[in-house]
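Take a look at the structure set out below.
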Amino acid sequence: MTCRAVRDLLADDGIPYLPELPARGPGADMIGRTAALLVDLPVDLQPSGWRFVDRPGRDQRRAEAFLREDLDQLAEVYDGYEGDLKLQVTGPWTLASAVAVSRGERSVADPGATRDLVESLAEGLRQHVETVQRLVPGATLVIQVDEPGLPAALAGRLATASGFGRLRPVDPQEARQGLHTVLEGAGGRTTVVHCCARDAPLPLLRATGAAAVAVDTSLLGPKGWESVAATVESGVELWAGAVPSTGADPAYGRASEVTEELVTSWTRVGLRVEDLDRLVVTPACGLAGAAGVDEATSAHRTVLQAAAELSERAHG
């Protein structure tokens, strides 16, 4: 049902995608779902969260089953489809920050474990992309890598397993290279790196080789928009998370308000009005927190309306 609703809403004027439905339980969450793609790195679920184990168990099989079910629905709903289709995976640094090694510490604290995770995720993404391409041969796949946990890893804000200390900050060059390696798993397809945290590291993200960066624009201050301008001028597109994801936000459903804020911020940093049609409008973050299908549908419609208004502005 959800997969068909996304196609009906976005196939003509937007970018449809393979939905993630984390409310189904463990294994459908963003960490478990992507961990199921890893090659030769099985996981299971403990009270403290996901961890790497020696052999696959019930938790891994459940995550894989959720993904197979979703891909079966995708193949049915997109039979004969031609056009853009987006896939999402959790990025290596968010994954390494969330999945523990066997002794209980986060993988990001272990350089060897992190390297293994990066290589495994790149290969898992490559296989996933090839599978979806076989299922929907007419699709032009767009690959989004979600990194909400990257700023905390870079800043050394991640707690140790004991909770009494903080892990060492991840080196920015190591972070950039890890992301670049995973993006190569997309096989030359269009890639987007998404970070909805307040301190999204735009200079690092645009240096990964991604075609676009996706951020929550409501969190950007003047310096953030200056970094957006540098990003766009370097040839990397902006996916602007400008549409509130839930009805709890006062601006929810107000496309014209979204448009005005984007135009004002865009032009204030010297970007040209006629380039507004290069900007992709998205919800601020995922729609898992939406209060049901109607609220999620409304957010999608607001995205489409705001994008149409920006295109009108760009073409005078």
Side-chain angles (χ1 to χ4, degrees), residues 9-10 14-15 17 20 22 30 86 88 90-91 94 144-152 154-155 157 192-206 210 212-233 236-273 275-292 294-314:
L9 281 165
L10 300 177
I15 302 176
Y17 57 91
E20 297 178 2
M30 67 181 293
K86 182 168 71 71
Q88 306 84 235
T90 304
T94 299
Q144 176 175 309
V145 177
D146 293 319
E147 280 286 16
L150 177 58
L154 292 170
R157 297 198 300 265
V192 185
V193 181
H194 170 240
C195 181
C196 55
R198 182 172 298 276
D199 45 355
L202 281 170
L204 186 157
L205 298 183
R206 66 175 178 256
V213 296
V215 296
D216 181 347
T217 55
S218 72
L219 302 178
L220 294 176
K223 289 186 177 179
W225 272 103
E226 289 173 7
S227 191
V228 164
T231 299
V232 172
E233 289 167 353
V236 177
E237 291 186 355
L238 173 67
W239 285 30
V243 173
S245 303
T246 72
D249 192 300
Y252 175 77
R254 301 177 181 176
S256 295
E257 185 174 319
V258 168
T259 301
E260 288 302 324
E261 290 182 0
L262 282 175
V263 171
T264 298
S265 298
W266 184 267
T267 55
R268 184 183 292 135
V269 291
L271 295 171
R272 304 187 311 165
V273 172
D275 288 333
L276 280 167
D277 60 356
R278 295 172 50 197
L279 185 154
V280 176
V281 183
T282 75
C285 203
L287 296 172
D294 289 345
E295 192 165 274
T297 299
S298 179
H300 282 106
R301 287 175 175 158
T302 303
V303 164
L304 293 172
Q305 185 179 344
E309 291 178 4
L310 286 172
S311 182
E312 289 178 6
R313 294 286 191 96

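The first residue in the sequence is number 1, and the count goes up from there.
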Taking the side chain as C-beta and beyond, is there a heavy-atom pair between [X] and [Y] under 4.5 Å?
| X | Y | value |
| --- | --- | --- |
| Gln144 | Tyr17 | no |
| Glu309 | Arg313 | no |
| Asp216 | Cys285 | no |
| Leu220 | Ser265 | no |
| Leu276 | Val263 | yes |
| Leu150 | Val193 | no |
| Val228 | Val269 | no |

Nearest heavy-atom neighbours spanning [X] and [Y]:
| X | Y | result |
| --- | --- | --- |
| Ala299 | Val243 | O-CG1, 3.8 Å |
| Ala212 | Val236 | CA-CG1, 3.7 Å |
| Val145 | Gly91 | CG1-CA, 3.3 Å |
| His300 | Leu10 | CD2-CD1, 3.7 Å |
| Cys195 | Pro201 | SG-CD, 4.3 Å |
| Lys86 | Ile15 | CB-CG2, 4.0 Å |

Let me confirm one number: the [atom1]-[atom2] distance from [X] to [Y], rounded to the nearest 0.5 Å.
| X | Y | atom1 | atom2 | value |
| --- | --- | --- | --- | --- |
| Thr282 | His194 | OG1 | NE2 | 6.0 Å |
| Ser311 | Leu279 | OG | CG | 11.0 Å |
| Leu238 | Trp225 | CG | CH2 | 5.5 Å |
| Gln305 | Arg254 | CD | CZ | 13.0 Å |

Practice item. Report the C-alpha separation of Leu204 and Leu154 in whole Å, then their side-chain angles, then the decisive distance to 0.1 Å, and conclude whether the side-chain contact (heavy atoms from CB on, under 4.5 Å) test is met. Key: CA-CA 11 Å; Leu204 186 157; Leu154 292 170; 4.0 Å; yes
Practice item. Go through the steps to decide whether Arg157 and Asp199 satisfy the test side-chain contact (heavy atoms from CB on, under 4.5 Å), and finish with yes or no. Key: CA-CA 12 Å; Arg157 297 198 300 265; Asp199 45 355; 3.2 Å; yes
Sidechain-backbone polar pair: [X] side chain, [Y] backbone, donor-acceptor under 3.5 Å:
| X | Y | answer |
| --- | --- | --- |
| Thr259 | Ala255 | yes |
| Thr231 | Ser227 | yes |
| Trp266 | Arg272 | yes |
| Thr90 | Met30 | yes |

Check your understanding: For Leu271 and Glu233, what are the C-alpha separation, side-chain angles and deciding distance, and is it a side-chain contact (heavy atoms from CB on, under 4.5 Å)?
Key -> CA-CA 8 Å; Leu271 295 171; Glu233 289 167 353; 4.1 Å; yes
**Study point:** Step-by-step side-chain contact (heavy atoms from CB on, under 4.5 Å) determination, Thr94 to Asp146
**Key:** CA-CA 8 Å; Thr94 299; Asp146 293 319; over 6 Å; no
